[in-house]
Amino acid sequence: MPKALVVDDDRAVRDAVRVALDGYEVTEAATAGEAMRCAWGATFDVVVLDVVLPDVDTAVVLRRVLDAHGVPVLVISGRDRESIPIIAD
């Protein structure tokens with residue numbers, strides 16, 4: 001079964017993404033710190049990442065995930081009219 005890591009501080013969003021990822025084994029994290037602990041030593045096929053996290057800049061998390069796992073990352077946002085640049089170089 002493919003594995004997904006879902007990182008979002010909103011429980012309702014995590015629940016909705018879990019439902020949408022039917023057929024995946026989903027690991028959830030509410031903060032960047034929690035996500036890093038979940039990802040340590042684990043293998044994921046995809047990561048779904050909130051664009052705004054309460055504890056660490058999303059670009060930092062994105063870079064760490066890409067460096068460690070090299071998997072597709074879907075960045076999501078609950079904001080509707082605000083542009084948020086993400087630079088993960």
Side-chain angles (χ1 to χ4, degrees):
M1 178 177 289
K3 296 180 180 181
L5 175 60
V6 177
V7 186
D8 197 299
D9 59 326
D10 186 329
R11 178 78 193 156
V13 171
R14 291 195 315 271
D15 289 346
V17 173
R18 176 182 284 282
V19 170
L21 290 173
D22 183 40
Y24 281 78
E25 180 181 325
V26 176
T27 300
E28 297 180 20
T31 65
E34 190 178 333
M36 295 292 93
R37 286 188 296 279
C38 290
W40 186 257
T43 302
F44 294 101
D45 298 293
V46 66
V47 175
V48 180
L49 180 63
D50 185 6
V51 74
V52 178
L53 295 170
D55 56 341
V56 176
D57 187 288
T58 299
V60 172
V61 179
L62 179 58
R63 175 50 42 210
R64 288 183 184 167
V65 167
L66 291 173
D67 287 347
H69 298 283
V71 298
V73 178
L74 175 63
V75 179
I76 61 174
S77 174
R79 297 175 185 235
D80 61 349
R81 292 192 184 142
E82 188 173 333
S83 175
I84 302 171
I86 298 175
I87 302 170
D89 40 276

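- Only one option out of Val46, Val26, Val47 pairs with Leu5 in a side chain to side chain contact (heavy atoms under 4.5 Å, CB included); it is Val47.
- Here the straight-line distance linking atom CG of Asp50 with atom OG1 of Thr31 works out to 11.5 Å at 0.5 Å rounding.
- Annotation for Ile76 and Asp8: closest pair CD1-OD2, 3.8 Å, computed over non-hydrogen atoms.
- Using a 4.5 Å cut-off between side-chain heavy atoms of Ile, Leu, Val, Met, Phe, Trp and Tyr, with links allowed through other members, Tyr24 and Val6 fall into the same hydrophobic cluster.
- To the nearest 0.5 Å, atom CD of residue Glu28 and atom CZ of residue Arg11 are 4.5 Å apart.
- Val61 and Leu53 get closest at one heavy-atom pair: CG2-CD1, 4.1 Å.
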Can I get a per-line list of side-chain donor-acceptor pairs under 3.5 Å for residues 36-45, giving both atom names and the distance, sequence neighbours left out?
residue : atom : partner : partner atom : Å
Arg37   : NH1  : Gly33   : O            : 3.3
Asp45   : OD2  : Lys3    : N            : 2.6

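- Leu62 and Leu74 fall into different hydrophobic clusters, where Ile, Leu, Val, Met, Phe, Trp and Tyr residues are linked whenever their side-chain heavy atoms come under 4.5 Å apart, directly or through other members.
- The shortest heavy-atom contact between Glu25 and Met1 is N-SD, 3.5 Å.
- Shortest non-hydrogen contact noted between Ala32 and Asp55 is N-OD1, 2.9 Å.
- Residues Val75 and Leu21 do not share a hydrophobic cluster, defined by chaining ILVMFWY side chains whose heavy atoms lie under 4.5 Å apart.
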